[in-house]
Amino acid sequence: MQEGQWAHPQDFDRVLTSMCTEPHPAAREAAERFLATNPGDPGTYQTVARLEERAVSLLGGVVGLTNPAGYVTSGGTEANIQAIRIARNRADTDDPNVVAPKSAHFSFRKAAELLGVELRTAPVVDHRASVDAMAELVDDDTVALVGVAGSTEYGVVDPIPEIAALASDVDALCHVDAAWGGFYLPFTDFSWHFGHADIDTLTIDPHKVGQAAVPAGGLLARDESLFDSLTINTPYLETTSQITLTGTRSGAGVASTVAAMEALWPTGYREQYHVSMENAEWLADALRTRGHDVFGPVLPLVTADLSVPMTDELRERGWRVSKTGNGEMRIVCMPHVTRSMLRSFVADLDWY
Ligand code: 0PR
């Protein structure tokens, strides 16, 4: 591991697909310091347990909660699974279903399969959830409605207040997936969090736009009692119960979340939002000028109808690019994506 191909991880300088990014230097340093700590055993690892409380409090400030409940998960997948688990465990039905837009992340399919919940997906309009279409799918066995704030493929924001109102009409919980969008959205006019709508749980991932180390996801709830139905007894630990999905957890993720957020919230994240959004707008213009059909940016993410051979050629040249389910090229303007990177990307497109 000292030398050769394993000595260094990949550079980010041609990565246009990832929703992870270079951690903030303070996050990197904190992650290393807390590598051998386990927030899954807070009785023994008390320092990291206190840091997790700090992380939840900082995350609460981002998502409009004055008295936040939650924990640092292994990522958006765990947070989404746990949110659906809460909804399923609280509801009084043998045949639970969850209603989500088709654009919801595939982690909800994992949740449905694991939890024995039917996932009903509603058509979208312009890539956004249609509340009318969701309303057609709800019934007495609906335990949760999902809205996405910053969708994986197109970066759009669903009408969260309307989805929350529909959830409350059918006595279901409302979960918002802001795993990717959560650190960009505070600087927009969108209604997406606990302060804007009557939502119950929310996913926001520090290891994405939050610039913490991997793994660090976040699950927040409007009230601590929502976690009651997840309690599992842990008789031989100093703390005698757990509400998390995994047992041993990453102290590095927790510590780096606090370090990144203390360094960046709110000024650094605000600047990053503006830089990333301007980059995405610049790229969208450059692609439109070249005759491509472009969607976005709503948040810093652009899709365009680039041909498959073109995508293959770009990959040959080292660009990490991916495609949507509809075959469009998708470019995620994460903090590591700079204007000069995009200029050289467009220059390679012009060569083609
Ligand atoms: N919710 C949304 C809206 C997401 O975009 C993602 C992941 C998740 C939940 C799940 O989060 P975790 O992957 O943390 O469990 N979206 C990206 C995707 O699936 C994740 C990703 C990140 C993929 C970095 C590649 C990569 O290099 O495309």
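Order of listing sets the numbers, starting from 1, for every ligand and every atom in it. One is the number of the first residue; the rest follow in order along the sequence.
- Scanning for side-chain contact (heavy atoms from CB on, under 4.5 Å) contacts around Ala280 gives Pro297, Pro300, Val302, Cys333, with sequence neighbours left out.
- Gln211 pairs in a side chain to side chain contact (heavy atoms under 4.5 Å, CB included) with only one of the listed residues (Pro25, Pro335, Ser256, Pro23), which is Pro335.
- Every residue was checked against the salt bridge (charged side-chain N to carboxylate O under 4.0 Å, His left out) condition with Arg320, not counting sequence neighbours, and none meets it.
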Less than 3.5 Å apart, N/O on ligand 1 and N/O on the protein: could you list those pairs with the distances?
| unit_1 | atom_1 | unit_2 | atom_2 | d |
| --- | --- | --- | --- | --- |
| ligand 1 | 1 (N) | Asp177 | OD1 | 3.2 |
| ligand 1 | 1 (N) | Asp177 | OD2 | 2.6 |
| ligand 1 | 5 (O) | Thr152 | OG1 | 2.7 |
| ligand 1 | 11 (O) | Gly76 | N | 3.4 |
| ligand 1 | 11 (O) | Lys208 | NZ | 2.8 |
| ligand 1 | 14 (O) | Gly76 | N | 3.0 |
| ligand 1 | 14 (O) | His207 | NE2 | 2.9 |
| ligand 1 | 14 (O) | Lys208 | NZ | 2.9 |
| ligand 1 | 15 (O) | Gly76 | N | 3.3 |
| ligand 1 | 15 (O) | Thr77 | N | 2.8 |
| ligand 1 | 15 (O) | Thr77 | OG1 | 2.5 |
| ligand 1 | 19 (O) | His105 | NE2 | 2.8 |
| ligand 1 | 27 (O) | Ser18 | OG | 2.7 |

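- Residues that satisfy the side-chain contact (heavy atoms from CB on, under 4.5 Å) test with Phe106, not counting sequence neighbours, are Arg109, Lys110.
- Counting heavy atoms from C-beta on, the side chains of Asp13 and Thr338 never come closer than 4.5 Å.
- At a threshold of 4.5 Å between non-hydrogen side-chain atoms, the residues Tyr71 and Glu78 count as touching.
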